[in-house]
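Data first, discussion second: the structure below is written as structure tokens.
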Amino acid sequence: MKLVGDPEGIAQLKILHDEDKTYLKFLVGEAKSNTDLTARFKAKDGRKFKLRVDLVSGDLDVQPDH
């Protein structure tokens with residue numbers, strides 16, 4: 001499993017993960033259970049991002065959520 005996509009979104013997700021080790025696990029589980037395979041999260045500064053799970057490669061794609 002690799003984190004791919006928006007570098008700033010990946011950095012923000014890593015910050016959230018460092019503060020709460022279970023947060024990334026929760027987001028991945030949330031994305032896998034949604035029909036569109038996505039979960040949204042908010043960075044500390046309020047910016048919104050979308051995490052998408054690629055079931056074929058296992059990669060986690062982080063993109064800005066407008």
Side-chain angles (χ1 to χ4, degrees):
M1 171 175 31
K2 292 188 316 183
L3 282 173
V4 298
D6 181 62
E8 187 57 34
I10 292 170
Q12 293 299 318
L13 186 59
K14 287 181 178 180
I15 290 169
L16 293 171
H17 175 67
D18 287 342
E19 292 175 359
D20 181 358
K21 300 293 184 200
T22 61
Y23 189 70
L24 183 58
K25 189 176 190 180
F26 167 77
L27 276 178
V28 171
E30 182 74 14
K32 285 182 177 179
S33 68
N34 286 332
T35 56
D36 64 354
L37 299 174
T38 64
R40 286 162 174 75
F41 68 95
K42 195 182 285 189
K44 289 283 189 185
D45 62 5
R47 289 181 292 165
K48 296 177 183 177
F49 294 94
K50 180 170 46 174
L51 175 76
R52 186 182 67 81
V53 176
D54 184 334
L55 293 179
V56 175
S57 68
D59 291 348
L60 304 175
D61 183 22
V62 180
Q63 297 298 327
D65 188 26
H66 302 286

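Just so it is clear, the structure is predicted and the values come from calculations on it, not from any experiment.
- Expressed to the nearest 0.5 Å, how far CG of Leu55 lies from NZ of Lys32 amounts to 7.5 Å.
- In this structure, Phe41 and Phe49 have parallel ring planes: the angle between them is below the 30° cut-off, well short of the 60° mark.
- In this structure, Leu3 CG and His17 NE2 are separated by 9.5 Å, a value rounded to the nearest 0.5 Å.
- Within a 6.0 Å sphere centred on NZ of Lys44, other residues, nucleotides and ligands contribute 12 heavy atoms or fewer.
- In this structure a side-chain-to-backbone donor-acceptor pair under 3.5 Å is missing from Asp59 to Asp61.
- Put simply, CG on Asp18 and CG on Leu13 are 9.5 Å apart, with the number rounded to the nearest 0.5 Å.
- With values rounded to the nearest 0.5 angstrom, Leu27 atom CG is found 11.5 Å from Arg40 atom CZ.
- Hydrophobic cluster membership differs between Ile10 and Ile15, with clusters built from Ile, Leu, Val, Met, Phe, Trp and Tyr side chains linked at under 4.5 angstrom.
- Between the OG1 atom of Thr38 and the CZ atom of Arg52 there is a distance of 9.0 Å, given to the nearest 0.5 Å.
- Here the CG-CG distance, from Leu51 to Asp65, works out to 11.0 Å after rounding to the nearest 0.5 Å.
- Criterion: ILVMFWY side-chain heavy atoms under 4.5 Å apart, direct or through other members. Under it, Val4 and Met1 are not part of a common hydrophobic cluster.
- For Asn34 (side chain) and Glu30 (main-chain N/O), a donor-acceptor pair under 3.5 Å exists by modelled atom type.
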